[in-house]
2 protein chains.
Amino acid sequence: MQSQNISDIIEKYLKSILGDSQQIEIKRSEIAELFNCVPSQINYVINTRFTIQNGYVVKSKRGGGGYIRIVKVNLLDDSDVIKDLVNIIGDGIDFNKSLQIIQSLFQEDLLTRRESNLIIASIDKRTLAFEDRQIENIVRARILISILNRLRYDD
Amino acid sequence: MQSQNISDIIEKYLKSILGDSQQIEIKRSEIAELFNCVPSQINYVINTRFTIQNGYVVKSKRGGGGYIRIVKVNLLDDSDVIKDLVNIIGDGIDFNKSLQIIQSLFQEDLLTRRESNLIIASIDKRTLAFEDRQIENIVRARILISILNRLRYDD
DNA sequence: ATAATTAAAGTCAGTATTAGTCAAATTAAA
DNA sequence: TTTAATTTGACTAATACTGACTTTAATTAT
């Protein structure tokens, strides 16, 4: 077996303790200790291997009693379609193009009318009015992508 | 597994004795004694978990026979609450406060779980991460207010 | 009545306990 | 050799806990 770097090993370990359960909760420092690495290595593993693309969602809390929770989500059937849309959006999109995307999602029954309206409200020109038009489109893209990625899985 | 800090435990306890009732009245020192912590910890729990954004209003009295009263408020029939929320949002709000507001709206059935999740995705820290932290909060406030307005039209 | 005492709760700043970020250094792969 | 992935650690941020001090209200003493 090749490439047994620590990140791969930690990844395997986390997946093994995930096992059949839907989610795990770990203490970053404990895992780091266990594998004799710096704590931020755990972040690296999570950021590179437990992404939504791979079907994982991660939540965490700092401070006393803090934790990192890794949740395995099941990607929906339309997940790939949405992924393609995300690629189209790239790192900037204007309001009209966004509207088209939302409308098509609505027509595909991937969004209710109410949901569509809420999203439109959030990426609307007035909501995102900046001095700089370019920034507006960047922010809009980020918001849309974040929402689309959220649509790729249920709770 | 999760939430092993005293604050979370006290929060759960208070919510459990709240139960179905609209309000409870506690003695700070008694609760502190019960959980073997300093009295000001109770203030900490209240200030971080029983705020108006969480859907609670707290009243208290000092001196002999003093108490802390926690009241669960209803967003629907209390227009002052909505006003308070808008005030809190103001022209800048951080992610955590926003999250609390969304959760309250969900608990009051003003948002579905899916809608809540989509909104959370759109105002998430990563989504709105800018060079300037201030801008992040400004945009988040605009999005939230835009959404609140949208909700108003719907009814 | 007024003052002193007692019995609450509030505030705030300091400390402790987590996790996150970022970029430089190193290692592996192409 | 160039590029990509990994490793590291110093610095940052968020959350929780504590205790000394303050404020307010009720009760008791004068």
Side-chain angles (χ1 to χ4, degrees), chain A residues 1-14 24-51 53-54 57-71, chain B residues 1-14 24-51 53-54 57-71 93-100 124-134 136-137 140:
Chain A
M1 278 295 153
Q2 76 257 50
S3 80
Q4 283 312 298
N5 56 58
I6 302 182
S7 291
D8 287 341
I9 293 168
I10 295 173
E11 174 192 2
K12 285 208 183 77
Y13 172 75
L14 292 177
I24 53 172
E25 215 167 274
I26 59 171
K27 282 208 169 298
R28 189 177 76 150
S29 54
E30 281 179 7
I31 304 295
E33 183 115 18
L34 190 57
F35 291 97
N36 209 31
C37 64
V38 295
S40 60
Q41 176 114 33
I42 310 306
N43 295 91
Y44 177 73
V45 172
I46 284 172
N47 290 331
T48 55
R49 291 146 163 91
F50 291 88
T51 64
Q53 265 68 25
N54 296 319
V57 169
V58 177
K59 277 201 131 193
S60 65
K61 199 170 98 171
R62 306 185 196 189
Y67 58 81
I68 298 178
R69 182 186 304 146
I70 301 176
V71 183
Chain B
M1 182 117 140
Q2 75 222 44
S3 65
Q4 278 332 305
N5 58 64
I6 303 180
S7 294
D8 285 343
I9 294 168
I10 295 174
E11 174 192 1
K12 285 208 183 79
Y13 172 75
L14 293 177
I24 52 172
E25 214 166 276
I26 59 171
K27 282 208 166 299
R28 189 179 75 151
S29 53
E30 281 179 8
I31 305 294
E33 184 114 18
L34 190 57
F35 291 97
N36 208 31
C37 63
V38 295
S40 60
Q41 174 115 34
I42 309 307
N43 295 92
Y44 177 73
V45 172
I46 285 171
N47 291 330
T48 54
R49 292 147 164 91
F50 292 89
T51 65
Q53 347 31 314
N54 292 116
V57 166
V58 176
K59 279 211 141 190
S60 64
K61 203 172 86 172
R62 308 185 194 190
Y67 58 82
I68 298 178
R69 183 187 304 143
I70 301 176
V71 183
I93 184 170
D94 67 30
F95 177 65
N96 276 343
K97 277 211 187 75
S98 306
L99 195 57
Q100 293 173 346
D124 178 281
K125 265 193 182 128
R126 296 210 157 171
T127 307
L128 299 184
F130 296 104
E131 338 68 49
D132 188 349
R133 172 70 47 89
Q134 203 123 37
E136 172 188 331
N137 289 346
R140 187 177 290 113

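Order of the sequence lines sets the chain letters (A, B, ...), proteins ahead of strands, with each chain counted from 1. Bear in mind the structure is a predicted one, so any value in this text is a computation, not a measurement.
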**Q** Between A:Lys61 (NZ) and C:dA16 (C1'), how many Å, whole number?
**A**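 To the nearest whole Å, that distance equals 15 Å.
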
**Q** Does B:Ser40 get its side chain close enough to the base of D:dG19, under 3.5 Å, for a donor-acceptor pair?
**A** yes

**Q** How long is the line joining CD1 of A:Ile6 and P of C:dA28, in whole Å?
**A** 11 Å

**Q** When you check the phosphate oxygens OP1 and OP2 of D:dT7, does a side-chain N or O of A:Ser7 lie under 4.0 Å from one of them?
**A** yes

**Q** Should the side chain of A:Arg62 and the base of C:dG20 be counted as holding a donor-acceptor pair, with the cut-off at 3.5 Å?
**A**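 No.
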
**Q** Mind checking if A:Ile68 touches a base, just sugar-phosphate, or nothing, with heavy atoms under 4.0 Å?
**A** sugar-phosphate

**Q** Report the distance from atom OH of A:Tyr44 to atom C1' of C:dT21, rounded to the nearest whole Å.
**A**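 Distance, rounded to whole Å: 15 Å.
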
**Q** Any side-chain to backbone donor/acceptor pair from B:Arg69 onto B:Lys59? Under 3.5 Å, distance only.
**A** no

**Q** For B:Asn96 and D:dT15, is the shortest distance between a side-chain N/O and OP1 or OP2 below 4.0 Å?
**A** yes

**Q** For C:dA9, does either OP1 or OP2 sit under 4.0 Å from a side-chain N or O belonging to B:Ser29?
**A**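 It does, given that an N or O in the side chain of B:Ser29 lies less than 4.0 Å from OP1 or OP2 of C:dA9.
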
**Q** Determine the contact category for B:Gly63: base if any of its heavy atoms lies under 4.0 Å from a base atom, sugar-phosphate if only primed atoms, P, OP1 or OP2 are that close, otherwise nothing.
**A**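 Base contact - B:Gly63 has a heavy atom under 4.0 Å of at least one base atom.
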
**Q** In the strands shown, is D:dT7 matched to any nucleotide by a Watson-Crick or G-U wobble pair with both distances under 3.5 Å, and which?
**A**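 In the structure as shown, D:dT7 has C:dA24 as its Watson-Crick or wobble partner.
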
**Q** Quick one: is A:Arg28 getting a side-chain N or O under 4.0 Å of the C:dT21 phosphate, OP1 or OP2?
**A**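 No, outside the criterion.
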
**Q** Whole angstroms only, please: what is the CD-P distance between B:Gln41 and C:dC12?
**A** 18 Å

**Q** Could you state the atom-to-atom distance from CD1 of A:Ile31 to P of C:dT18 in whole Å?
**A** 14 Å

**Q** I'd like to know if the side chain of A:Asn54 and the backbone of A:Arg49 have a donor-acceptor N/O pair within less than 3.5 Å.
**A** yes

**Q** Among B:Asn47, B:Ile46, B:Thr51, whose side-chain contact (heavy atoms from CB on, under 4.5 Å) with B:Val58 holds?
**A**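 It is B:Ile46, the one option of B:Asn47, B:Ile46, B:Thr51 that forms the side-chain contact (heavy atoms from CB on, under 4.5 Å) with B:Val58.
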
**Q** How long is the span from the NZ atom in A:Lys27 to the OG atom in A:Ser60, to the nearest 0.5 Å?
**A**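 OG of A:Ser60 is found 11.5 Å from NZ of A:Lys27.
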
**Q** Drop me the distance from B:Ile31's CD1 to B:Ile42's CD1, to the nearest 0.5 angstrom.
**A**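 Answer rounded to 0.5 Å: 6.5 Å.
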
**Q** Does B:Ser60 put a side-chain nitrogen or oxygen below 4.0 Å from OP1 or OP2 of C:dA8?
**A** no

**Q** For B:Tyr67 and D:dA25, give me the distance from atom OH to atom P, rounded to whole Å.
**A**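 Those two atoms, OH and P, are 10 Å apart.
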
**Q** If you assign each of A:Val58 and B:Val58 to its closest nucleotide in DNA chain C, which residue comes earlier from the 5' end?
**A** B:Val58

**Q** When all nucleic acid strands are considered with a 4.0 Å heavy-atom cut-off, which category describes B:Arg69: base, sugar-phosphate, or nothing?
**A**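 No contact.
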
**Q** Please report, rounded to the nearest Å, how far the C1' atom of D:dT18 is from the CG atom of B:Asn36.
**A** 13 Å

**Q** I need the CD-C1' distance between A:Glu25 and C:dT18, as an integer number of Å.
**A**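 Roughly 13 Å, once rounded to whole Å.
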
